[in-house]
Chemist: 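Below is the structure I would like to discuss, written out as structure tokens.
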Amino acid sequence: MHGEYKIPGGKLVVVDVDTEGGALCRARVAGDFFLEPDEALDAVNDALNGAPADTDAAGLAARVDAALPEGTVMYGLTSEGIAIAVRRALAHATDWTDYDWQLIHEGPQSPALHMALDEVLTAEVAAGRRAPTLRVWEWGAPAVIVGSFQSLRNEVDADAAARHGVQVVRRISGGGAMFVEPGNTITYSLSVPEALVQGLSFQDSYAYLDDWVLDALGDMGIRAWYQPLNDIATDQGKIAGAAQKRIVGPEGRPGAVLHHVTMSYDIDADKMLDVLRIGREKLSDKGIKSAKKRVDPLRRQTGLPREAVIERMIESFRGRYGLSQGKVTDEELTRAQHLAITKFSSPAWTARVP
């Protein structure tokens, strides 16, 4: 069995391993990481051999840590990363390059239709009728998108939203409310087969699916990192938030994962604070006193037009994994339009948590 894991901000770890009698055997760890002394690699392999095959990632990492020679130095490598690569091997996880990725980047659409497209396209990936897809959004109207489990009245000032012409919609994923305006936001979705994140914990899957965009930002001169559970940050502030939803596949098929990210290219902080009820409790664990400091726009950090930032992100993804031009099919659009009206524009859904 073969597993690979790119450690966020680090190097690639490759593990080949077999099992016999319910235990790991013939484990071989490799990769482009740095490890000193040389005998530490043998210690890692020996620590994995003999471990029960159902040992979770934390247990495997603990075995590796206990076996490392005193003074071991790992650069671009962690015991947790080794353990995740093992779990991915045992789960027969796939890799990004195993797929023919499609890009969807179409004209502006309504907030409700964007919510519906996420659900429909990811369900199509789960059903095996659509290739894994990167969809870049264009917003047709300003909006607040609340998380699936958030209280509407606690998060949004309805009067302020109406005064500013801001539509309010609820997405199918969890997480916090996002404030977006056309031209000021970069939003994208990944609709991926469940096999791509096999062997990863929920938290690790966020880091794994965000890794490519960290490299893209790095190419634009921004040193960004994944900040658990679902943020992308720089030393000047948060620049993006992610959310996920698992979608069950048809009977007999594995499911799919929706991973979508909203990045602030520019932001009207005063308007955002007028519409969103960002309370002291939410800010209390951030070590800051003002919500204005929570989001730092990409425009200032890159000096690039929004369209150029998007194009560089797309090209970075294409260079790593390949990416061909795709589109929303007529059938997918028809289903999404129906959902946009019957579900995502429905008060019953939008205010399902009042």
Side-chain angles (χ1 to χ4, degrees), residues 1-98 195-219 222-229 232-235 316-317 319-321:
M1 289 168 283
H2 180 85
E4 298 186 1
Y5 180 61
K6 168 66 166 57
I7 296 174
K11 299 294 186 176
L12 179 69
V13 183
V14 181
V15 173
D16 292 285
V17 65
D18 295 322
T19 60
E20 285 182 359
L24 304 186
C25 63
R26 293 183 288 279
R28 290 293 179 268
V29 175
D32 58 353
F33 49 79
F34 300 90
L35 179 63
E36 293 289 348
D38 280 353
E39 54 265 29
L41 184 60
D42 290 334
V44 169
N45 293 329
D46 290 343
L48 296 174
N49 290 325
D54 60 356
T55 306
D56 63 14
L60 291 172
R63 289 177 67 101
V64 170
D65 284 335
L68 290 174
E70 185 176 354
T72 294
V73 176
M74 295 189 287
Y75 184 74
L77 176 68
T78 64
S79 56
E80 292 81 7
I82 295 168
I84 290 170
V86 172
R87 294 308 316 167
R88 285 176 59 77
L90 296 172
H92 301 284
T94 56
D95 186 66
W96 295 82
T97 54
D98 292 332
L196 184 61
V197 296
Q198 285 288 356
L200 299 178
S201 68
F202 192 77
Q203 177 172 317
D204 287 334
S205 72
Y206 273 85
Y208 185 67
L209 294 176
D210 281 338
D211 190 58
W212 71 274
V213 82
L214 300 185
D215 281 356
L217 291 170
D219 291 341
I222 299 178
R223 189 180 72 85
W225 59 86
Y226 163 72
Q227 184 168 294
L229 169 64
I232 297 174
T234 73
D235 56 7
S316 180
F317 190 102
R320 289 175 67 137
Y321 310 127

Chemist: Side-chain contact, heavy-atom cut-off 4.5 Å: Thr72 with Pro37?
Modeler: yes
Chemist: Please examine the side chains of Leu35 and Val73, heavy atoms only from C-beta on, and report whether any two atoms are closer than 4.5 Å.
Modeler: no
Chemist: Please report the shortest heavy-atom distance between Pro8 and Ala207, naming the atom on each side.
Modeler: CG-CB, 3.5 Å
Chemist: Output the distance between atom CG (Leu196) and atom CG (Asp98), rounded to the nearest 0.5 Å.
Modeler: 8.5 Å
Chemist: To the nearest 0.5 Å, what is the distance between CG on Asp54 and CG on Leu90?
Modeler: 9.5 Å
Chemist: Using 0.5 Å steps for rounding, measure from the NZ atom of Lys6 to the CG atom of Leu12.
Modeler: 8.0 Å
Chemist: Is the shortest heavy-atom distance from the side chain of Arg320 to the side chain of Asp211 under 4.5 Å?
Modeler: yes
Chemist: Is it true that a side-chain atom of Asn49 and a backbone atom of Asn45 form a donor plus acceptor pair closer than 3.5 Å?
Modeler: yes
Chemist: Could you state the interatomic distance from CG (Leu229) to OH (Tyr206), rounded to the nearest 0.5 Å?
Modeler: 5.5 Å
Chemist: Is any side-chain heavy atom of Asp235 less than 4.5 Å from a side-chain heavy atom of Trp225?
Modeler: yes
Chemist: For a 4.5 angstrom cut-off between non-hydrogen side-chain atoms, does Val14 reach His2?
Modeler: yes
Chemist: Tell me, with the steps shown, if Glu80 and Ile7 meet side-chain contact (heavy atoms from CB on, under 4.5 Å).
Modeler: CA-CA 9 Å; Glu80 292 81 7; Ile7 296 174; over 6 Å; no
Chemist: Looking at residues at least two apart in the chain, or sitting in another chain, which of them share a side-chain hydrogen bond (donor to acceptor under 3.5 Å, both in side chains) with Thr97?
Modeler: Asp95
Chemist: Side chains of His92 and Gln198: closer than 4.5 Å at any heavy-atom pair?
Modeler: no
Chemist: How far apart are the closest heavy atoms of Leu68 and Met74, and which atoms are they?
Modeler: CD1-CE, 3.9 Å
Chemist: Has Asp18 got a side-chain atom pairing as donor or acceptor with Arg26's backbone, closer than 3.5 angstrom?
Modeler: no
Chemist: Which pair of heavy atoms, one from Cys25 and one from Glu20, lies closest together, and at what distance?
Modeler: SG-CG, 3.7 Å
Chemist: Which heavy atom of Gly50 sits nearest to which heavy atom of Ala23, and what is that distance?
Modeler: O-CB, 3.9 Å
Chemist: Nearest 0.5 Å please: distance from the CD1 atom of Ile232 over to the CG atom of Leu214.
Modeler: 5.5 Å
Chemist: Quickly, which of Leu48, Ile84, Ile82 forms a side-chain contact (heavy atoms from CB on, under 4.5 Å) with Leu60? Name it, please.
Modeler: Leu48
Chemist: Calculate, to the nearest 0.5 Å, the distance between atoms CZ and CG belonging to Arg63 and Asp46 respectively.
Modeler: 10.5 Å
Chemist: Could you pull out the closest heavy-atom pair between Ala89 and Val17, with the gap in Å?
Modeler: CB-CG1, 4.1 Å
Chemist: How are the rings of Tyr208 and Trp96 set relative to one another: parallel (under 30°), tilted (30 to 60°) or perpendicular (over 60°)?
Modeler: tilted
Chemist: Specify the closest pair of heavy atoms between Ala67 and Ala47, including all atoms of both residues, with the distance to one decimal.
Modeler: CB-CB, 3.6 Å
Chemist: Could you note down all residue pairs passing ring-ring contact (aromatic ring centres under 6.0 Å, His included) where residues 18-45 supplies at least one of them, sequence neighbours left out?
Modeler: Phe34-Tyr75
Chemist: Going by the side-chain contact (heavy atoms from CB on, under 4.5 Å) test, name the single residue among Thr94, Leu200, Asp204 that passes it with Arg88.
Modeler: Leu200
